[in-house]
2 protein chains.
Amino acid sequence: MVRRTAGVGRDATRDDVARLAGVSSAVVSYVVNDGPRPVAAATRARVLDAIDKLGYRPNTAARSLITGKSDLIGLIVPDVENQYFATLAKAVEKSAAKRGLRLVLGQAQPDQLPDLVESLAGHQVDGIITATPLPPDLLVRTGRLTVPLVKLSLDQPMDAVPSLSPDFYGGAQQAVRHLAEVHGHRRIALLTGGEPMDVRERGWHDALLLLGLVPDCRVQTSWTTAGGRDAALPLVERFPEATAVFAASDQQAAGLIAGLHALGRRVPDDIAIVGFDGALVGEFTVPPLTTVGVPFQQMSSDAVDQLDGGTIDKRIYPTELIVRESCGCRVGTE
Amino acid sequence: MVRRTAGVGRDATRDDVARLAGVSSAVVSYVVNDGPRPVAAATRARVLDAIDKLGYRPNTAARSLITGKSDLIGLIVPDVENQYFATLAKAVEKSAAKRGLRLVLGQAQPDQLPDLVESLAGHQVDGIITATPLPPDLLVRTGRLTVPLVKLSLDQPMDAVPSLSPDFYGGAQQAVRHLAEVHGHRRIALLTGGEPMDVRERGWHDALLLLGLVPDCRVQTSWTTAGGRDAALPLVERFPEATAVFAASDQQAAGLIAGLHALGRRVPDDIAIVGFDGALVGEFTVPPLTTVGVPFQQMSSDAVDQLDGGTIDKRIYPTELIVRESCGCRVGTE
DNA sequence: TTGAAAGCGATACCAC
DNA sequence: GTGGTATCGCTTTCAA
């Protein structure tokens, strides 16, 4: 076939650049990648010039084919619209960009994960970060997968997958203890979206026991703002004696505040609330949400590092209580 | 080089499959792609079997190299953490997934756009959807770009880029008219994050004029919840006569509600508010936010279609007033 | 310091 | 209905 020259409708290739610069295509490669061989300054200049003239841009697919890397990493979340995952996605994208990696975003519920993972692997992503829990069978197949996987912000069972997460257990305890020790609450309910006795629930449960209190007020709903709102009624009906609640996510806490308000309950006067996440949303609820902050940025950055040759494997990050007003504290409006 | 057989540390290739199935590599391709040539049922079964045994997954990079398509589309937003863009991203991802396309998410402020676009183009994305406004010079270069571009949810100036957006102008008017005609407000302020006289502002401005009112209360802040909150003080100080405000985004409206609350002002009694977006956040503010809803799903789906061979070019989508309580309406808590 | 050339994995045309 | 094979754009070894 006749070799076409660069023109409309076709990207310039490395050969075009080579021809224009009057060098071999290998040299173009050397200057683009700054190696593996040195190039004379004058030659380099000519090549750079040609690149600019042609608007040449290396074809990542071709490069990927040969190097086996794509500079792409996959991020799997259940739902980006959820503030928590949006914050996570933002942090991961930033960390990735800093390393010249691009983010392929996939949303999936656990049952769609296998397909999504296959698809990402097909796209030669250099690694996958998942904030959606993995179904056990996927875990088994993981051994066969060539793609590095790391779990982010998920409970950490005994498996072989590298995993980075906040200290769900300790954080939940912080929340409960604040409610009990600072504000004197003795009936502290749990609002969760998780499985019975997931890590946050255990934190709540054990903290209460340690305090000599009874962990018997538990409401389960979906991990969403709507879920939190809808839980308001069951909460006040089933546990009228509860004067405080630890919500396992800020999304739910925000919804709960709205739901409680609609029911005529005052927060924190009638019911105090502490959330979990430290997501943006808690800053703007009325009243502002006291919550357990997690180090998104740090975790995300480490997750990317991990794929980029790191060796963190498993790590649990300390949380920090962010005191605002929904717990009953008075803080100056800054 | 000696041909290795499939084994640990290396993905199975089409050749491996061909060998195992005892067919040529072309046939493998035919069954994988369902064409362009027919394959005998028995042969197809053998191939499928081999694929399964080997865990074969076509290498998208290689395919992309030859077809020129990557099944990847780029989405550029200023900030995924922002609820509005998170909702957009979710919708776009869903529409893309439905067509077998994967989403590459990039965050960028206008000045970083050129690099990001270059990078995405290098990754051979089949198209780029941007919800970050394009700097004019990028627009010029666009002519040289091989990558289809479509603007999503952005103001539509006179340029040659396909663009899909809600009816910012009409929507703003809806909001203002509701405040004036239904609730009798005569001093309706504008809270915006946009340039002076952007489309939403023009809608507010013109609606007021049409109503015989004066468009002289304008507060500008950032397009964020924090921006909305911080605007509360300037708003009440500079325009104490304002009894209502049209906020150009729900993010800002949510922040404004919080800020106003901190200042001791009641919404909607002291100040009524109508937002713009119909984002999730407005559902859970206290009081719930009346807002101008935009058809995220439809726009996003059309944007993906557009890249996928569509010919929509420019389209403006009708908005719909979502009446809740921040405007002063009483609606049953459902 | 530069160039020729061998692939990377997959597609699709052209014979058989 | 199947099987060679040229080719996509690029990296990198080996010679020059």
Side-chain angles (χ1 to χ4, degrees), chain A residues 1-6 9-47 50-51 54-71 121-124 146, chain B residues 1-6 9-47 50-51 54-71 121-124 146:
Chain A
M1 177 201 287
V2 179
R3 261 224 170 287
R4 296 156 302 181
T5 38
R10 172 166 162 285
D11 281 341
T13 74
R14 191 215 42 202
D15 280 349
D16 298 323
V17 175
R19 214 168 307 125
L20 205 171
V23 300
S24 84
S25 56
V27 175
V28 177
S29 188
Y30 300 154
V31 357
V32 168
N33 302 331
D34 230 356
R37 318 255 55 154
V39 175
T43 315
R44 148 174 271 102
R46 286 216 315 286
V47 172
I51 286 179
L54 260 26
Y56 168 72
R57 183 187 334 107
N59 181 324
T60 331
R63 163 180 294 167
S64 167
L65 188 52
I66 220 164
T67 62
K69 317 184 75 296
S70 64
D71 291 353
H123 280 288
Q124 312 305 119
T146 314
Chain B
M1 177 198 289
V2 178
R3 257 218 173 291
R4 294 156 302 180
T5 38
R10 175 166 161 282
D11 282 340
T13 73
R14 188 218 43 208
D15 280 348
D16 297 324
V17 175
R19 215 167 307 127
L20 205 172
V23 300
S24 83
S25 58
V27 175
V28 177
S29 188
Y30 300 153
V31 357
V32 169
N33 303 330
D34 229 355
R37 318 255 53 161
V39 175
T43 315
R44 145 175 274 102
R46 285 217 316 286
V47 172
I51 286 179
L54 261 26
Y56 168 73
R57 183 188 330 112
N59 181 324
T60 332
R63 163 181 294 167
S64 166
L65 187 54
I66 205 161
T67 62
K69 316 185 76 293
S70 64
D71 291 354
H123 279 287
Q124 312 306 117
T146 314

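Naming convention: chains lettered A, B, ... in sequence-line order (proteins, then strands); numbering from 1 in each chain.
- Checking dA4(C), dC10(D), dT13(D) against the side-chain heavy atoms of P36(A) singles out dT13(D) as nearest.
- Each of A26(B) and A61(B) lies near DNA chain C, and the nucleotide nearest A61(B) is the one positioned closer to the 5' end.
- The shortest distance between the side-chain N/O atoms of S29(B) and the OP1/OP2 oxygens of dT11(C) is below 4.0 Å.
- OP1 or OP2 of dC10(D) has at least one side-chain nitrogen or oxygen of Y56(A) nearer than 4.0 Å.
- A donor-acceptor contact shorter than 3.5 Å is absent between the side chain of S70(B) and the backbone of S64(B).
- Distance, R44(B) CZ to dG1(D) P: 10 Å, rounded to whole Å.
- For the pair N33(A) and dT11(D), the criterion of a side-chain N or O lying under 4.0 Å from OP1 or OP2 is met.
- Counting non-hydrogen atoms under 4.0 angstrom, R14(A) reaches a base of the nucleic acid.
- Distances shown here put every side-chain N or O of T13(B) at or beyond 4.0 Å from the OP1 or OP2 atom of dG9(C).
- dG9(D) atom P lies 20 Å from atom OH of Y30(A), rounded to whole Å.
- Residue A62(A) places its side chain closer to dG9(D) than to any other of dG3(D), dG1(D), dG9(D).
- Put simply, NZ on K69(B) is 18 Å from P on dA10(C), counting in whole angstrom units.
- Both T67(A) and G22(B) lie close to DNA chain D; mapped to their nearest nucleotides by heavy-atom distance, the more 5′-ward contact belongs to G22(B).
- For T43(B) and dG1(D), the shortest distance from a side-chain N or O to OP1 or OP2 is not below 4.0 Å.
- Nearest to the side chain of I66(B), among dT2(C), dG4(D), dT7(D), sits dT7(D).
- Of all heavy-atom pairs spanning A61(B) and Q124(A), the tightest one is CB-CG, 4.1 Å.
- As judged by a 4.0 angstrom heavy-atom cut-off over every strand, V28(B) is placed among residues making no nucleic acid contact.
- Looking at N59(B) and D11(B), their side chains never come closer than 4.5 Å, going by heavy atoms from C-beta outward.
- Distance, Q124(A) CD to dC8(C) C1': 11 Å, rounded to whole Å.
- One interatomic measurement links the two molecules: CG of N59(B) to P of dA10(C), which rounds to 6 Å at whole-angstrom precision.
- One can place NE2 of H123(B) at 15 Å from C1' of dG9(D), the figure rounded to the nearest angstrom.
- In this structure, the CZ atom of R19(A) is 12 Å from the P atom of dC10(D), given to the nearest Å.
- Across every non-hydrogen atom of A62(A) and L65(B), the tightest pair is CB-CD1, 3.6 Å.
- Between V17(B) and the options L54(B), V23(B), V32(B), a side chain to side chain contact (heavy atoms under 4.5 Å, CB included) holds for only L54(B).
- Nucleic acid contact class of R63(B) (heavy atoms, under 4.0 Å, all strands): sugar-phosphate only.
- Residues Y30(B) and R37(B) come closest through the heavy atom pair CZ-CG, 3.3 Å.
- Mapped onto DNA chain D by nearest heavy atom, P38(B) and L65(B) fall at different nucleotides, with P38(B) at the one closer to the 5' end.
- Taking atom CG of D11(B) as the reference point, atom C1' of dG9(C) lies 11 Å away to the nearest angstrom.
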